[in-house]
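Counting from 1, the numbers follow the sequence of the chain as shown. Quick caveat: nothing in here was measured; it's all calculated off a predicted structure.
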Amino acid sequence: MKLKKLLLATCGALVINSACALEKGIVNNTDSPYIKLKSINIGDAQWTEGFWADKWKMAEQTMIPNLGEIFKGPVGFAYDNFKLLASGKKGEAGGKYWHDGDFYKWMESMTYLYAQNKDEKILAELDEIIAVIGKAQADDGYLSTHVQIRGLKRYGNIHYHELYNSGHLITSAVIHHRITGKTNFLKIALKNANFLYKTFQPQDPELARFGFNPSQIMALVELYRETKERKFLELAEIFVNMRGSVPNEEHPSVADHFRGDFNQMATPIREEKDAVGHVVLAMYLYAGTADVYGETGEQALLDALDRIWSSAVERKMYVTGAMGQAHHGASGKYDMVHEAFQEDYLMPNKTAYNETCANISNAMFNWRMLGIKGEAKYGDVMERVMYNSALVGVSVEGKDFFYSNPLRMIEGGIDPTKKGVTTERDERVPYIPVFCCPPNLARTLAKLSGWSYSLSKDGVAVNLYGGNKLNTKLVDGSALSLTQETNYPWDGKVKITVNKAKSSPFDVMLRIPEWAEGSVIKINGKAFSGKVEAGKFATVIRKWSKGDVITLDMPMEVNFIEGDPRIEEVRNQVAVQRGPVVYAIESPDLPKSSDILDVYLKEDTQFKVHYRPDFLGGVATLDGTLMLRNDEGTGMYRKLKKAEFTPYETKLVPYFAWSNRGKAEMTIFMPLMWDK
């Protein structure tokens, strides 16, 4: 009854609020006082044709149903754990401690599908699962299947991932309620969140090291936004404050290799200057902190996030938008780190880890920073991630996956049979024992249209380009309908048609990517007189009418990208990029007698763009001449002799599309040959 009254009160508040129709975003920041660019509602923007429409269809028809079969079957374990608990029978827990959270991510992806396709079978399947989860939940609200089945001490070890599981439970339930209006899943989440509040609000120092893999911070802020219960925001801030709040010393709840920088526990976040430790843990923490800032406006948090963003993006991010230089290594404080950031400009190619979840969490963090600051550079990172280091995590078909995503693959570089190698593969596979990345990518693809636009106080911002329709309301409640037509990212021309708009002037903000120098905007065929600057939003302010057309033409030149000279691993090497897409050379496009390390690139090479609709799901390749070194030398070091090269006509493929033609070698960076 209390929940029902709470939800009725919340709905009543929504009716009174002029922004009523805008409280169903992926993040509901409509009433967040420190957010400049607000979310559109889930489902307001839908892909209609082209690149992202194809990827959404792949997710809807293949990827997400396939993941459901895995998670509900004997391989994926997750649903069996819930059913075992719900039955009250004894048995063994299967899979990993964090499998609950991964299952909730898949449920979230299903809900996003329903928001657009309205397939009632999805709701029926989810209702059946939710009933089982409810029976598995402990009477006091606790829920983490491995701990319950095994009879382990609650919060006895951070490696149990209990708060990670709670975070994805709450997030999935909030999205479910937001889209469907049903309360069955939200009741479970509220019961769990209230348990968390009773457990952690006393701020027992013995529990201060928890927050490991802190998806719960974002989740609690979103639960606060959904229910208006202030205590959930309070608890989210407590979890932010916990990081670095106790001495970085040995503790029975923390394994030796999970201490300090690894777990972002060495330094309180308000004092942090660098992005450190396990990347997913870090980016979840930073994204959650951004959500807390959006509600509290505490300047110290934003200052810390600015410093951390600079460290992560400007000194530790790969050209693909990927993050996580090392599988195993040491931080600047000599703490053991795993799947983690390392020192600035230390950027190996072959051994780059770049977990798919880490790359996605980079986009999640930048999505939130875009909302807070309203600056295009955050959208640039989101775009770079999505077209490269996120999408590479799934095959074109949608059934095979990568967990780690290096920038170079050579024969024998990874031995998946070697002890301890559970996540690295030399080709995509249907299942990886650590299976967190596929459902994370699935939910991201399913909700991506919700990132494509934001609402400013004076209009709308176009964050991502792709064929879509937008039917939404501006923050003043007025209706807006747009149609976007484009073959982006293979073509730089974008056409946006106004279908419905209010009679008074408002802004249309167009993100001009940092690579798109010389972009041209026209309104109804006439040149836009305002400022169009790469790496910024171009803002068109006018009284719009039905039928008005905005055209944006972004030059899609083929660019060679070099690294900062402090990146020793790519000295005198370049990557090839066209638009937002980073390219690679793959061994199926080389002679059988050559390998990937024989490839060189002349600095004056001219590539021709060739769109191939029936190749790798439909991609533009870059056709041109590479140089193959004829090298018979052996030994780790040898005396330099004059090298001989053979020109070879071939093609580069988008990095995200490699490893769709069987086992292969691949590289993004290639040594450069200078004529002068």
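A cation-pi contact, defined as under 6.0 Å to the ring centre and within 45° of the axis, is absent between R209 and F258.
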message = Run the ring-ring contact (aromatic ring centres under 6.0 Å, His included) test on F435 and F71 for me, step by step, so that the C-alpha distance in whole Å, both residues' side-chain angles and the decisive distance to 0.1 Å come before the verdict.
response = CA-CA 10 Å; F435 206 57; F71 278 122; 5.7 Å; yes

Pair Y79-F103, ring-ring contact (aromatic ring centres under 6.0 Å, His included): steps then yes or no = CA-CA 7 Å; Y79 194 34; F103 189 57; 5.6 Å; yes

request  = Start with the C-alpha gap between D303 and R270, add the side-chain angles, then the distance that decides, and say whether side-chain contact (heavy atoms from CB on, under 4.5 Å) holds.
outcome  = CA-CA 8 Å; D303 290 344; R270 291 169 179 81; over 6 Å; no

Stepwise side-chain contact (heavy atoms from CB on, under 4.5 Å) test for V240 and L301 = CA-CA 10 Å; V240 171; L301 291 179; 4.2 Å; yes

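For the atom pair M265 CE and S245 OG, the distance stands at 5.0 Å (nearest 0.5 Å). Here R150 contributes atom CZ and S144 contributes atom OG; the two are 10.5 Å apart, rounded to the nearest 0.5 Å. To the nearest 0.5 Å, atom CD of residue E424 and atom CD of residue E355 are 10.5 Å apart.
Within the 4.5 Å cutoff, side-chain heavy atoms of M409 are placed close to those of D426. Here the side chains of F232 and L220 are in contact, with some heavy-atom distance below 4.5 Å. Considering only heavy atoms from C-beta on, F365 comes within 4.5 Å of L305 through its side chain. Using a 4.5 Å cut-off on side-chain heavy atoms (C-beta onward), V27 and E222 make contact. Side-chain contact between L196 and S166: present, with at least one pair of heavy atoms (C-beta onward) separated by less than 4.5 Å. Residues F262 and D335 fail the side-chain proximity criterion, which asks for heavy atoms closer than 4.5 Å. Side-chain contact between M110 and M107 is absent, with no heavy-atom pair separated by less than 4.5 Å. A 4.5 Å side-chain heavy-atom check between D204 and Y155 finds every atom pair outside the cut-off.
The environment of CD in E249 is crowded: more than 12 heavy-atom neighbours from other residues, nucleotides or ligands sit within 6.0 Å. Other residues, nucleotides and ligands contribute at most 12 non-hydrogen atoms within 6.0 Å of the NZ atom of K399. Annotation: K333, atom NZ; neighbour count of heavy atoms from other residues, nucleotides and ligands within 6.0 Å is above 12.
A donor atom on one side chain and an acceptor atom on the other are found under 3.5 Å apart for E108 and Y112. For the 3.5 Å distance criterion, the side chains of T145 and D100 qualify, holding a donor opposite an acceptor. For Q216 and Y284, the side-chain atoms include no donor-acceptor pair closer than 3.5 Å.
Here Y318 pairs with nothing under the side-chain hydrogen bond (donor to acceptor under 3.5 Å, both in side chains) rule; sequence neighbours left out. Listed by chain and number, the residues in a side-chain hydrogen bond (donor to acceptor under 3.5 Å, both in side chains) with N440 are R443 (sequence neighbours excluded).
Aromatic ring pairs are classed by plane angle as parallel below 30°, tilted from 30° to 60° and perpendicular above 60°; the pair Y353 and Y403 is perpendicular. The aromatic rings of Y142 and F195 sit perpendicular, their planes meeting at an angle over 60°, well past the 30° parallel limit. Using the six-membered ring where Trp is involved, F185 and Y104 have ring planes that are tilted, between 30° and 60° apart.
Using a 4.0 Å cut-off between charged side-chain N and carboxylate O, D400 and R425 make no salt bridge. K231 has no carboxylate O lying under 4.0 Å from a charged side-chain N of E234, or vice versa, which leaves the two without a salt bridge. A salt bridge links R315 with D274: at least one charged nitrogen is closer than 4.0 Å to a carboxylate oxygen. Residues R243 and E272 are not paired through a salt bridge, judged by the lack of any N-O separation under 4.0 Å between the basic side chain and the carboxylate. A salt bridge does not link R154 with E162: every distance from a Lys NZ or Arg NE/NH1/NH2 to an Asp or Glu carboxylate oxygen is 4.0 Å or more. Between E397 and R428, no side-chain nitrogen of the basic residue sits less than 4.0 Å from a carboxylate oxygen of the acidic one, so the salt-bridge criterion is not met. Of the charged side-chain nitrogens involved, at least one lies within less than 4.0 Å of a carboxylate oxygen, so that D127 and K182 count as a salt-bridged pair.
A donor-acceptor pair is defined here as one N or O able to donate and one able to accept, closer than 3.5 Å; no such pair exists between the side chain of T267 and the backbone of E271.
Centroid-to-centroid, the aromatic rings of F212 and Y164 stay 6.0 Å apart or farther. Ring to ring, H146 and Y160 are not that close: their centroids are 6.0 angstrom or more apart.
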